[in-house]
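The structure under discussion appears below in the form of structure tokens.
Quantities reported herein were computed from a predicted structural model and do not represent experimental measurements. All values below were derived from every heavy atom in this structure, side-chain atoms included, with hydrogens, water molecules and symmetry-related copies excluded. Heads up: numbering here begins at 1 and tracks the sequence. Atoms within a ligand are numbered from 1 in the order they appear, just like the ligands themselves.
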Amino acid sequence: MIEEIAHNIYQIRVPLPKNPLRELNSYLIRGKGNSLLIDTGFRQEECRRALFDALHKLNVNHDKLDVLGTHIHSDHIGLAPEVVGHDKKIYLGLEDFRWSTSDENEVYWKLMDYRYLEEGFPREELQQLFSLNPAKNYGPILDLPNYDYLLEGDILEVGGYNLEVIEAPGHTKGMLCLWLADKKMMFTADHILFDITPNITIWPNMEDSVGTYMDSLKRFKNFPVEHALPSHRETGDYFARIDEILNHHEFRVQECFDVISNFPGLTAYEIAGNMTWDIKAKNWMEFPIIQKWFAIGEALAHIDYLLQRSQIKSVQTHGLKRYYKMK
Ligand SMILES: [Zn+2]
């Protein structure tokens with residue numbers, strides 16, 4: 001469960017029970033004074049036990065522990081407030097910091113519910129969802145003075161290393177990766193994952209998340225990375241994986257465009273139902289509701305990409321948005 005990756009750098013696998021991601025890879029950079037923990041797991045007992053056990057085995061002094069949340073998803077920062085030293089920091093990217101400390105976060109679920117209804121998501125399914133979504137239940141306490149933000153190019157000195165902050169918008173607007181030039185090592189967070197595709201969805205604070213993500217991925221080809229350290233599952237060939245993910249989104253954009261061209265006037269809910277998904281269910285109607293919720297978000301992000309480039313348009317009738325190919 002704990003693996004030493006390099007001198008003073010450890011990977012801690014934190015289980016994510018009942019979650020298709022299975023585990024979170026948390027990384028500890030242990031220093032003589034301060035140490036830094038990158039990501040934590042959900043605010044949930046199984047995660048808490050695994051993380052605290054590992055930190056105990058590694059003799060980490062909690063009073064001197066800073067936390068870096070690569071982004072605001074609850075599997076990454078759920079336990080940050082419990083594990084951070086009393087006077088130490090929980091670092092986030094600027095945009096995720098803004099998001100987590102503003103009203104946007106509070107109204108997010110209401111905005112999303114409204115948006116999903118408009119995009120054809122059935123009201124009954126949305127109500128059932130309320131109790132299921134881990135982000136609503138296992139997220140961190142946000143009202144603390146420990147939160148602070150980092151910007152592109154900031155350097156964190158810890159464990160004898162200089163870690164450079166690299167902004168990687170797309171999966172969230174404020175996603176951060178860390179570049180360790182000495183070791184040609186990139187902590188890729190959820191920006192580049194190897195055996196699952198990072199979920200790209202719609203955000204009230206980010207237009208064109210797919211386009212933004214693809215631009216950001218292309219930029220990551222400029223780093224001479226030899227070791228990629230992702231937040232979930234295993235590592236792999238960094239450059240080949242970037243190309244695969246770029247191809248995946250080009251394919252998804254095309255698939256979305258083809259559905260809209262072939263069946264004009266569908267809602268996003270119906271468009272998603274006509275796309276291909278790597279989920280074990282006989283058909284769209286039998287998808288678990290939570291998976292449907294993620295699927296719609298992903299479909300909408302690709303629809304947004306086409307809207308931004310004037311390849312399709314939306315028309316609102318009777319409170320529902322319907323999509324058509326541009327003539
Ligand atoms: Zn995430």
Using the six-membered ring of Trp277, assess whether NZ or CZ of Arg252 lies under 6.0 Å from its centre and within 45 degrees of the ring axis.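 Verdict for Trp277: a cation-pi partner in Arg252.
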Any side-chain to backbone donor/acceptor pair from Gln11 onto Asn25? Under 3.5 Å, distance only.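 Flag not set: sc Gln11 to bb Asn25 has no pair under 3.5 Å.
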Short question: side chain of Asp154, backbone of Leu151 - any donor-acceptor pair under 3.5 Å?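 Checked: pair present.
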Give the C-alpha distance, both sets of side-chain angles, the deciding distance and a yes or no for side chain to side chain contact (heavy atoms under 4.5 Å, CB included) between Ile242 and Ile192. CA-CA 7 Å; Ile242 291 178; Ile192 301 162; 3.9 Å; yes
Need the atom name: nearest N/O/S atom of [X] to the Zn ion (ligand 1).
X	answer
His171	NE2
Asp190	OD2
His73	ND1
His71	NE2

Which word best sums up how the rings of His73 and His76 line up, parallel for under 30°, tilted for 30 to 60°, or perpendicular for over 60°?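 Correct class here is tilted.
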Hey, is there an N, O or S on His76 sitting under 2.8 Å from the Zn ion (ligand 1)?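 False for His76.
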